Amino acid sequence: MRLKRTVTCGQLTTKNIGEEVILNGWVAKNRDHGGVIFLDLRDRYGKTQITFNPDLDAKMADRAKRLGMEDVIAIKGMVTARPGGNVNANLPTGEVEVIVSELEVLNEAEPLPFLVSDRESGNEELRLEYRYLELRTSELQNFMKIRSRTYQSARRLLNAEGFMEFETPVLMKSTPEGARDYLVPSRIHQGKFYALPQSPQTYKQLLMIAGFDKYFQIVKCFRDEDLRADRQPEFTQIDIEMSFIDQDDIMGLATRVTQGIFKEVLDYQLPETFPVMDYHDAMEIYGSDKPDIRFELPLIEFATYAEKTEFSVFKDNLAGGGRVKALILKNAADHYSRKILDELTEWLKTYYGLKGLAFIKVEQGAFAAGISKFFSAELQTEIIGNLALKDNDIMFFVSDDEARTLQALGALRIELAKRENLIPETDIKPLFVTNFPLLDWDEDSQRYIAMHHPFTSPNPEDIELMTSDPGKVRARAYDLVINGYEVAGGSIRIHTRQMQSRMFELIGMDEEEANARFGFLLRAFKYGAPPHGGIAFGFDRLIMLLAGTDNIRDVIAFPKTTSAASLMDDAPSFVDEDQLRELHIKLME
RNA sequence: GGGAUCGUAGUUCAGUUUGGUUAGAACGCCGGCCUGUCAAGCCGGAGGUCGCCGGUUCGAGCCCGGUCGGUCCCGCCA
């Protein structure tokens, strides 16, 4: 190219008036007045108005007339103050314009499938097909800048803490405990497969055994599971592991890293320490292991009152080991018509398997509507007094088995908060959730499965329970939760062969199977494994919070759709017979 | 695996409730006018397999069945 830029499109101000400059960029807009022609020239640094005047060069003005949106051009010209009254206050460069003396058209663009100036001008399917165009929009340019700054910030902070950065294999052994693996067939080893890592878990533990006591990696992870608004099949973690530490050390580090990132990327000051909540309390009070604590609206234990009602649903559920919990919305009963209550009920039935949603409203100091007739006058007075209910309050009740009650009411808590505008959108409220159960009973396979992963250390106080009541054993595991998103999760690991074998036993994995799958790790434990533990940040979710978006696709340059496809390059796709033959693979009909 | 919802000019949408002649608007595109705009303005034009397949009907963008694709959710995500 002939005209190489001397400045970017975002930097010219009145200070540059009188300078001759060269700009390169995309035509963002062409405003042709018949005589004078204004173009907005855009690059990732900003926009600058360039002006063609036929009085100065009629031929060039004619060429400028033909320039269309997203053409790539280079211009040389003089930085000039805009005439009085023509300043654009919305643009940092709005006080100046460049009067063009030379024009080089670097590449013309065809008519566009949607407007780069307006992200909403194309639906998502189309934008994903032309993702490189969507990435030109100011919104995604900004998200990618935040992402880039966050990489740098994380690296700087961890480096300052004395961590070493590593890379671990992407082609690894399949370990079919946990999420479904993405498999890669081996050409050389007929019939054998590599797996893409769900996380570099075992490698980082082996690096601890190797003596690299502070490890980190910004790493892609792959999980072949169904997608959500905050889940992609390939996603990025800031993976961290440390030796000779305890849970508090990891939580402290995670706190400092999170604070540092929010400070450096957003100049947002998070609290000095993050609150710590028991898993049990999170479930009981918020109905979630990743509670959004930007607003209160706690779940209320209602069993003792429910016992005194005449409502058989409550009493039967309690008798059968189920639960009754409630939510109170203050001064909002008039927002909940029959129609809206029916919609909420239908939603809870459909998604959370509830049989119904009960409610009462408070009117003139007593219960009204819903299931109020099942409460005696004395009971109503008692509840109104104890729970400080006022007129126009509405109380929702969910009663089912424990898991369903907590999950459904937790979901209702969020839904009601949205409807009532109770969520301070700009707040950032982190907390740690700790003391997760070590094991989860799996009905399908009639055995315990590891809730976090099978390398998680049990709480030393609960070792006895491993024999007597495994379901009660707490894990030394912790999640960092921000605004209802699980942003990071980790644990103190098992570091002795004995304990690891015991854990495998508990989840019903016999020695042979354990050796086949994790023998390399078990063997390593025999040669001086230090106590260690770590945490992994869901990098994309962290960016979502920093960017203020609720969609993970917004913060990934080339994301996949809900069906794990890439609309731009059409992956996945069929491959040649030759390729399959080389891999010893035959497709089933 | 299941549920909900969407699919109509290049694009965003209206039209579907109640089936009926030529499927509209805006933006973009093309042409013309216009010398200070910044969502520039004014005039004109081109542009449609109503996602696809099948059915009902004298007649389907509209009704029915299926299918493909997008999104959101449940299951799943150690």
Side-chain angles (χ1 to χ4, degrees), chain A residues 28-40 47-56 58 61 65-66 68-70 80 82-91 93-94 97 109-130 133 175-181 198-199 201-202 221-233 235 346-354 404 407-408 411 415 436 438-440 442 444 448-456 475 477 486 489 491 503 507 509 517 538 550-551 553 560-563 565 567:
Chain A
K29 199 76 200 178
N30 182 338
R31 289 181 295 277
D32 176 0
H33 284 247
V36 68
I37 296 166
F38 304 106
L39 296 189
D40 290 335
K47 278 197 278 193
T48 299
Q49 174 164 289
I50 62 175
T51 306
F52 296 82
N53 195 326
D55 298 343
L56 302 175
K65 213 185 258 291
R66 287 195 297 275
M69 287 202 284
E70 300 303 310
T80 317
R82 296 196 189 185
N86 286 302
V87 166
N88 185 347
N90 299 321
L91 231 51
T93 61
E97 59 188 345
E110 287 189 11
L112 300 151
F114 57 90
L115 264 55
V116 167
S117 56
D118 176 15
R119 194 170 171 223
E120 299 304 312
S121 69
N123 70 24
E124 185 161 15
E125 199 171 347
L126 190 76
R127 297 193 318 254
L128 286 173
E129 197 179 331
Y130 296 91
L133 292 181
T175 54
E177 185 82 8
R180 198 176 290 115
D181 281 328
Q198 300 171 23
S199 86
Q201 182 62 34
T202 49
C221 302
F222 305 85
R223 294 178 189 176
D224 189 2
E225 298 292 346
D226 288 342
L227 280 67
R228 286 289 187 284
D230 65 345
R231 275 178 9 203
Q232 282 273 304
F235 61 97
E346 202 46 46
W347 169 69
L348 288 169
K349 280 181 177 174
T350 313
Y351 291 132
Y352 298 95
L354 288 191
R404 242 197 284 265
Q407 191 200 7
E415 178 60 27
F436 284 81
L438 183 69
L439 302 163
D440 225 357
D442 182 49
D444 292 340
Y448 283 107
I449 53 174
M451 189 158 176
H452 186 55
H453 57 55
F455 315 108
T456 301
E486 183 193 326
S491 63
M503 181 68 186
I507 60 172
M509 200 188 289
R517 290 185 182 183
D550 55 10
N551 195 311
R553 291 184 299 277
K560 299 207 171 30
T561 65
T562 329
S563 65
L567 296 179

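Residue numbers start from 1 in every chain, and the chains themselves are labelled A, B, ... in the order their sequence lines are given, proteins ahead of strands. As the structure is a computational prediction, the values presented were derived from the model and not from experiment.
Residue A:Lys47 is classed as having no contact, given no heavy-atom separation below 4.0 Å to the nucleic acid. At a threshold of 4.0 angstrom between heavy atoms, the contacts of A:Gln407 are confined to the sugar-phosphate backbone, with no base atom among them. If you check every strand for non-hydrogen atoms under 4.0 Å, A:Ser199 touches a base. At a threshold of 4.0 angstrom between heavy atoms, the contacts of A:Arg553 are confined to the sugar-phosphate backbone, with no base atom among them. Note on A:Leu115: only backbone sugar-phosphate atoms sit closer than 4.0 angstrom, heavy atoms only; bases stay farther off.
Stacking between A:His33 and B:rG36 is absent: the ring centroid is not both under 5.5 Å from the six-membered base ring centre and under 30° in plane angle. Stacking here means ring centres nearer than 5.5 Å and ring planes tilted less than 30 degrees, and by that measure A:Phe38 stacks onto B:rU37.
Judged by closest nucleotide on RNA chain B, A:Leu567 is the one of A:Arg180 and A:Leu567 placed further toward the 5' end. Checking A:Trp347 against A:Pro113, the closest nucleotide of RNA chain B that is more toward the 5' end is the one next to A:Pro113.
Between the side chain of A:Glu97 and the base of B:rG36, at least one donor-acceptor pair of N or O atoms lies under 3.5 Å. In this model, a side-chain donor or acceptor of A:Arg231 finds a partner on the base of B:rC77 within 3.5 Å. Judged by distance alone with a 3.5 Å cut-off, a donor-acceptor contact links the side chain of A:Gln49 to the base of B:rU37. Taking 3.5 Å as the limit, the base of B:rG7 and the side chain of A:Asn123 contain no donor-acceptor pair of atoms between them. In the interface, the side chain of A:Arg228 is paired with the base of B:rG75 through a donor and an acceptor atom under 3.5 Å apart.
One atom, OH of A:Tyr130, and another, C1' of B:rG10, lie 9 Å apart when rounded to the nearest Å. Regarding A:Asp118, its CG atom lies at a distance of 10 Å from the C1' atom of B:rU11, rounded to whole Å.
With rounding to the nearest 0.5 angstrom, the CZ atom of A:Arg82 is 6.5 Å from the OG1 atom of A:Thr93.
With respect to the salt-bridge test (charged N to carboxylate O, under 4.0 angstrom), the residues A:Arg31 and A:Asp40 qualify.
Comparing B:rG1, B:rC77, B:rC34 by their nearest atom to the side chain of A:Glu225 picks out B:rC77. Of the candidate nucleotides B:rC34, B:rG28, B:rC38, B:rC34 has the atom nearest to the side chain of A:Asp32. Comparing atom distances between the A:Ala229 side chain and each of B:rC73, B:rC76, B:rC38 picks out B:rC73 as nearest.
Taking atom C1' on both nucleotides, B:rC27 is separated from B:rA9 by 12 Å, rounded to a whole Å. With both ends at atom P, the span from B:rC63 to B:rC6 equals 11 Å, rounded to whole Å. Comparing B:rA4 with B:rU49, their C1' atoms are spaced 29 Å from each other, to the whole Å. Comparing B:rA26 with B:rU21, their P atoms sit 22 Å apart, to the nearest whole Å.
For A:Phe235, the ring-ring contact (aromatic ring centres under 6.0 Å, His included) criterion is met by no residue, not counting sequence neighbours. A:Glu120 is linked by a side-chain hydrogen bond (donor to acceptor under 3.5 Å, both in side chains) to nothing, counting only residues two or more places apart in sequence or in another chain.
Using a 4.0 Å cut-off, some side-chain N or O of A:Tyr352 falls inside it from OP1 or OP2 of B:rC74.
Shown here for A:Lys47 and A:Ala28, the closest heavy-atom pair between the two residues is CD-CB, 4.1 Å.
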